[in-house]
Amino acid sequence: MLLAKILFRNAFHNKLRSSLTILGIAVAILAFGLLRTVISSFYAGVEASSASRLVTRNAISIIFALPISYAGKIQQVEGVKTVSWGNWFGGIYIDEKNFFPNFCIDPVTYFSLYPEFILDEKQKRDFLLDRKGAVAGRKLADKYKWKIGDTITLKGTIYPGNWDFVLRGIYRGRDKTVDETQFFFQWSYLNETVKKIAPVFADKAGFFMVGVNRPDIAADTAVRIDAAFKNSLAETLTETEKAFNLGFLAMAEAIITAIQMVSLIIILIIMAVVANTMAMTTRERMGDYSILKTLGFGAKEITLLIFGEALVLTMTGSFIGMLLTYPAAHIFAAELSTYFPIFLVSRTTLYLDSAAAVLMAFFASIIPARHAVRVRIADGLRRIG
Amino acid sequence: MVVVFYVGRTFRSAGTGSKDPGYIVLATDAACNSDKSKMMAEPTKPIVEIQRIYKSYHRDSLVVPVLFDITFDIAAGEFLALMGPSGSGKTTLLNLIAGIDRADSGSIHVGGVDITTLTETELAAWRANSVGFIFQFYNLIPVLQAVENVELPLHLTALTKKQRREHAQMALSMVGLAHRMDHYPGEMSGGEQQRVAIARAIVTDPTILVADEPTGDLDRVSAEEILSMMERLNRDMGKTIIMVTHDPRAAARAQILRHLDKGYLNDAAGQNPL
Ligand SMILES: Nc1ncnc2c1ncn2[C@@H]1O[C@H](COP(=O)(O)OP(=O)(O)OP(=O)(O)O)[C@@H](O)[C@H]1O
Ligand SMILES: [Mg+2]
């Protein structure tokens, strides 16, 4: 339709102004997209959690461990399919800045509970058979150029001393949302050593991972597990893996909120810029709109022309911004993999980008459109002369 | 070169299929002044009846009265020139007749419709159907090609895309711009732009044509061209034209002259003495 032609050509009529506005929108959308990606990377662990896994820990605090004998009791609870356990090790590789999560786990049960960690059968067997064996995620191994058979030394923070491990396996994620920066070794290796140096801390698990038969019985099963340890020396707190991971995020809440605010402010600022552009262009085109009204076109067509022109600008800018987000996120991910193991531009971010473009166009065109519609034709025409 | 053009209502009926086969020669390179008398319309029954029109503008709390008790008729097929000093209210009166402004009181009938009683939406539809506009500064849409500008008013009709294009091309041929169809206004001279504007004004086959100083921004040669074209529209196609002008040379082309002075109609209807 001719109106579409007019609004497209109007949008690019003043090339310098349009380009600068589009550039501004693209940069704002890029910044917005990256900040949204930072936020979603905070939630990556939560997103990746399974609905049929529970985490049981000490009811008092995560820093207190539970007796390993609980594993057998949990296994007896109705609805429980698999029980695994582990401890946060907190070891440092060479330097503190080389942070990555490292745990000791029960190798037999752990990998069956986490099918998203894909480990070659031979490597899994080698890991099981080597008391000092360890498994690392692919990204982690790549980062430090570890190969199977390499000896890796971690300096203990909770458990003092230098700990040597032999890399027996490198796992990869089933999909892109799986964290490939973790490091696992055998719980029994840690336990034997602790038994020798500090027997009171031996035979303890920091947490139990519990697989349930079906996601819909997860909540009931959690209640039954905690009931089983009611009034015991160490009472338990069992929650879904998702709730457990969200608990960790509570600490980062202030930062996440701040980032959310900043990302909104960026959109508000660029909205003002687009509104300014639209105010200028519609002022210049008041004569055109008056002619259209003279010819019999109505408020609907005028509004459409102005909103459409704004939308062409914001959508173009937003599209360029989205395209730029990918390479930018790639660089970010490489630089910040330590802090954000999962740094992926999500589909939601793209939807938000598009929604932002529509909102910008809407708010930028309300006032100019209202004005253009209301100006009396005779007055609008006089302005041409 | 001779260009042919459908007459009168044929434009509108073309959409529904009942075609009047009659067409006339309108514009030629060597003007077709030979047998004009045959085609001349008889200016008799009034097509515009203006009765007791008052109009004032409001500037803040100040009321600026502009038109006082204007009453006169315009006959169908008349070519009327409205003259008067600057600020006398010519544009204001023209705008009222064309339905782009509203009077304080009084009535204006055009083709039997009292346009002072129409709502804004009805008025817009009426304008689209009944009025062709020609302005001093052409007022073409700069981002549209000549042919697209002429097509613009046809978008409010039931014509198909193809028919719209055909009609626009015909109207442009008629003003001698068949070869400039795809040019943008910025690529044309003032005279050419005004010819495009004329094509846009006549493409819907309106009841009346209104022109506000159509030659005000043109050199003499272009002005003469535009005036000849308007004269032919009136004489050969029977178009009713109401033209505001300062220029006596332009007024000389009209059959009827009327003078406005400080908002009052200054004379009785008179044959053009010029
Ligand atoms: N929107 C408006 N608000 C206030 N006064 C107005 C407005 N439009 C026109 N006027 C006044 O009304 C009077 C008549 O204006 P109009 O434009 O009809 O004159 P005109 O005869 O067409 O003049 P010109 O030959 O200069 O075009 C002028 O005094 C003008 O200042
Ligand atoms: Mg005027």
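Keep in mind that this is a model prediction, so the values were computed, not measured. Order of the sequence lines fixes the chain letters, A, B, ..., with proteins taken first and strands second; residue numbering starts at 1 for each chain.
- The structure places CD1 of A:Ile377 at 10.0 Å from CZ of B:Arg102, a figure rounded to the nearest 0.5 Å.
- B:Glu148 touches chain A through backbone and side chain together, each having a heavy atom under 4.5 Å away.
- Between A:Gly296 and B:Ala128 the shortest heavy-atom distance is CA-CB, 4.1 Å.
- Within a 6.0 Å radius of CZ in B:Phe68, more than 12 heavy atoms belonging to other residues, nucleotides or ligands are found.
- Two residues are said to be in side-chain contact when any heavy atoms from C-beta on lie closer than 4.5 Å; A:Ser290 and B:Ile100 fail this criterion.
- Counting heavy-atom neighbours within 6.0 Å of A:Arg172 CZ, excluding the residue itself, gives a total of 12 or less.
- Side-chain atoms of B:Arg127 come within 3.5 Å of backbone atoms of A:Thr294 as a donor-acceptor pair (strictly under, hydrogens ignored).
- Inter-residue side-chain proximity for A:Ile291 and B:Phe135 is flagged as met; some heavy-atom pair is nearer than 4.5 Å.
- Atom CD1 of A:Ile367 sits in a sparse spot, with 12 or fewer heavy atoms from other residues, nucleotides or ligands closer than 6.0 Å.
- Summarising the local packing, NE2 of B:His246 is surrounded by more than 12 heavy atoms from other residues, nucleotides or ligands at distances under 6.0 Å.
- In this structure, A:Arg382 and B:Thr91 have side chains that are in contact, with non-hydrogen atoms separated by less than 4.5 Å.
- Looking only at side-chain heavy atoms (C-beta outward), A:Leu292 and B:Leu152 come within less than 4.5 Å of each other.
- Here B:Ile141 is the residue among B:Thr121, B:Asn95, B:Ile141 with the most heavy-atom pairs under 4.5 Å with chain A.
- Sparse packing is recorded around CE of A:Met261, with 12 or fewer heavy atoms of other residues, nucleotides or ligands lying under 6.0 Å away.
- Scanning residues 2-35 of chain A against chain B with a 4.5 Å heavy-atom cutoff picks out A:Leu2, A:Lys5, A:Ile6, A:Arg9, A:Asn10, A:His13, ordered by number.
- More than 12 heavy atoms of other residues, nucleotides or ligands shown are found within 6.0 angstrom of CZ on B:Phe72.
- Taking 4.5 Å as the limit, some side-chain heavy atom of A:Leu295 sits within range of a side-chain heavy atom of B:Arg200.
- Atom CD of A:Gln260 has more than 12 heavy atoms from other residues, nucleotides or ligands within 6.0 Å.
- Ranking B:Leu144, B:Val143, B:Leu140 against chain A, the residue ahead of the rest is B:Val143, based on heavy-atom pairs under 4.5 Å.
- For B:Tyr138, no part lies under 4.5 angstrom from a heavy atom of chain A.
- At most 12 heavy atoms of other shown residues, nucleotides or ligands fall within 6.0 angstrom of atom CZ in B:Arg52.
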